[in-house]
2 protein chains.
Amino acid sequence: MFCWITPIIFFDLIVTSPPYADSRAKTYGGISPDEYVAWFLPKSKQFLRVLKPTGTFILNIKEKVVAAERHTYVLELILALREQGWLWTEEFIWHKRNCHPGKWPNRFRDAWERCLQFNKTKKFRMFQESVMVPMGSWAKTRLKHLGKNDVVRFDSQVGSGFGKNIANWVGRDKAYPSNVLHLATETDNRNHSATFPRALPEWFIKLFTQEGDWVLDPFAGSGTTCAVAQRLHRNTVGIDVKREYVELAEEKTRSVEIVLLDPKPATNKKYAKKQTRRVH
Amino acid sequence: MFCWITPIIFFDLIVTSPPYADSRAKTYGGISPDEYVAWFLPKSKQFLRVLKPTGTFILNIKEKVVAAERHTYVLELILALREQGWLWTEEFIWHKRNCHPGKWPNRFRDAWERCLQFNKTKKFRMFQESVMVPMGSWAKTRLKHLGKNDVVRFDSQVGSGFGKNIANWVGRDKAYPSNVLHLATETDNRNHSATFPRALPEWFIKLFTQEGDWVLDPFAGSGTTCAVAQRLHRNTVGIDVKREYVELAEEKTRSVEIVLLDPKPATNKKYAKKQTRRVH
DNA sequence: AGCTCTTATGAATCATTGA
DNA sequence: GTCAATGATTCATAAGAGC
């Protein structure tokens, strides 16, 4: 049931939601905010190694409030990752529509998280058509009623710019999204503490990979990313230090390779050799 | 018409949208991204001086793309402002629903900007009730004009998720805000290039000040902040280096004190003494 | 007045061209 | 070669016109 694997450079996408600082203390040991960057960098160094040159690394994270202030470890992590060789390509905003309720004297509900995009090179793969959203009805209506007037206008307004647009929109019912994602959190994560909606990894998997590509979630948790990737016909590898999560993930997935790291391994710095467990 | 003023510590709120790096080059000289922090810090040092201990400083800013990467000057600015003594209390997201169009091979449209909240102490003034009523005039307007088409349109936009909120607001007096603001940019047709929607400063003015309080916009531009503050019965001071903007702001406001700095002053580091122009 | 339809345009970004 | 200027791309909104 246990075997050795030697990772090679083959991942097209790494998408993960690592434990946030001081949160999930009981499961991950509770990394303090001040130590977070130092804790993360050795791991991201390995991500850099196993990611294809055209691949993408998506990091879902949000800084917590410490002493009434937003802590700066995420900012420092971004700067440190650039030092490590990553390109900070983009920052997507995940707007949580149904964020945690509550009221505080000098703070509102936190309704967003960062989805940081890092790349190895400027020429990374991206499949924008895969995540197009339905267009606003104004355009649909416009196109539906696109009669002689519009055609005439287009013909008469050569070079005006707007007529040209109409022409481009004909037969199109979808538009490209922006870098703000509106997704609701899910509550059906039974035992895993992090609420990671399926739609979030799904969006990035569709955007940055094709069928048959390889997707890695190095903080697999309950295996949401792996399950979603599998459903989208991508190959996946999930890693987690907690056996419970691996077993939880087994229920969700079939034939997914779940790597179980020894929580306190003597030689875990040797990434090429580690204790693994093959499921099924 | 010109006079000397000696600023004292009396501002309850500083809310501003400074020129972004490399933008508004023709009007502000186009600060390069690499120089931005050094350019900003002397100014924020004065903000720190003239802000009440219980006051708030709101900074609307967004980093630009340089060489296919997000530039890090905003991150560095946050860290530098903390070094200067500011508390980084919160980061609000301004979601621009009508962001600039365009399509690029490996990037989506940029639909959000940062509204960074800084304070001098943990005990700052905040009036949450003021923004709990229909979330500002933008929501009122939307609800007022909410016809059948709007409902259909918003419901049909899968990617936005905005329709649900709209529907929830109908018939409800109060909505609990989060730290994500949904505001559209305004086209003012004026000469000022930055589109700073009135609802943005309005929201923060309501949240952090009461009637009679003092509001400062050190990059006043066309004076939107001052005009809004005035309408809300707050005292305002606007500062800008461009005389045209001061004159533009005069049309918008009455009895607002607009400070016109010499564009290339010999002793502009002496903040306490500067050439000013009193309007009316 | 309320609804539909029309139109301009915005802190954008990238590839290309020209100095 | 490096840097600056130009063109192409494209969607949500407000304001205005028309019924």
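Quick caveat, the model's predicted, so the values are computed rather than measured. To find a chain, count down the sequence lines: A is the first, B the second, and so on, and within it residues start at 1.
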* **Whole-Å distance separating the CH2 atom of B:Trp94 from the C1' atom of C:dG10** => 10 Å

* Rounded distance (Å) that lies between atom C1' of D:dA15 and atom CG of B:Asn98 -> 13 Å

* Distance, rounded to the nearest Å, where B:Asp34 contributes CG and D:dC3 contributes C1' -> 15 Å

* Kindly say whether the aromatic ring centers of B:Phe40 and B:Trp86 come within a distance under 6.0 Å. => no

* Structure fact -> Symbol by symbol from the 5' end, with Watson-Crick or G-U pairs under 3.5 Å, [ ] crossing and | another strand, DNA chain D is .||||||||.|||||||||

* Measure across B:Trp39 and B:Pro19 and return the closest heavy-atom pair with its distance rounded to 0.1 Å. => CH2-CG, 3.7 Å

* Structure fact -> One should read off an interatomic distance between B:Asn119 CG and B:Leu48 CG, to the nearest 0.5 angstrom, of 11.0 Å

* **Whole angstrom value for the distance that separates P of D:dT9 from NE2 of B:His100** => 14 Å

* Got a sec, which residues hit side-chain contact (heavy atoms from CB on, under 4.5 Å) with B:Leu75, two or more places apart in sequence or on another chain? -> A:Leu75, A:Ile78, A:Leu79, A:Trp88, B:Thr72, B:Arg114

* Asked: Going 5' to 3' along nucleotides 13-19 of chain C, which nucleotides have protein heavy atoms under 4.0 Å from the base (write B), which only from the sugar-phosphate (write S), and which from neither (write -)?
  -> BSS----

* To do: Write down the distance between CG (A:Asn179) and P (D:dA12), rounded to a whole number of angstrom.
  => 14 Å

* Residues that B:Asp213 engages under side-chain hydrogen bond (donor to acceptor under 3.5 Å, both in side chains), provided they are two or more places apart -> B:Arg125

* Compute the centroid of each ring, for B:Phe47 and then for B:Phe118, and state whether the two points are separated by less than 6.0 Å. => no

* To do: Could you tell me the separation between the NZ atom of B:Lys96 and the P atom of C:dT9, rounded to a whole number of Å?
  => 18 Å

* **Rounded interatomic separation in angstrom, taking CH2 from B:Trp112 and C1' from C:dA12** => 15 Å

* Structure fact -> salt bridge (Lys or Arg N to Asp or Glu O under 4.0 Å) filter on B:Arg109, not counting sequence neighbours, yields none

* Asked: Rounded to whole angstrom units, what separation is found between the CZ atom of B:Arg109 and the C1' atom of C:dA12?
  -> 11 Å

* salt bridge (Lys or Arg N to Asp or Glu O under 4.0 Å) with B:Glu113: which residues, sequence neighbours excluded? -> B:Lys96

* Structure fact -> What one should report as the nearest heavy-atom pair of B:Ser44 and B:Leu81 is OG-CD2, 3.3 Å

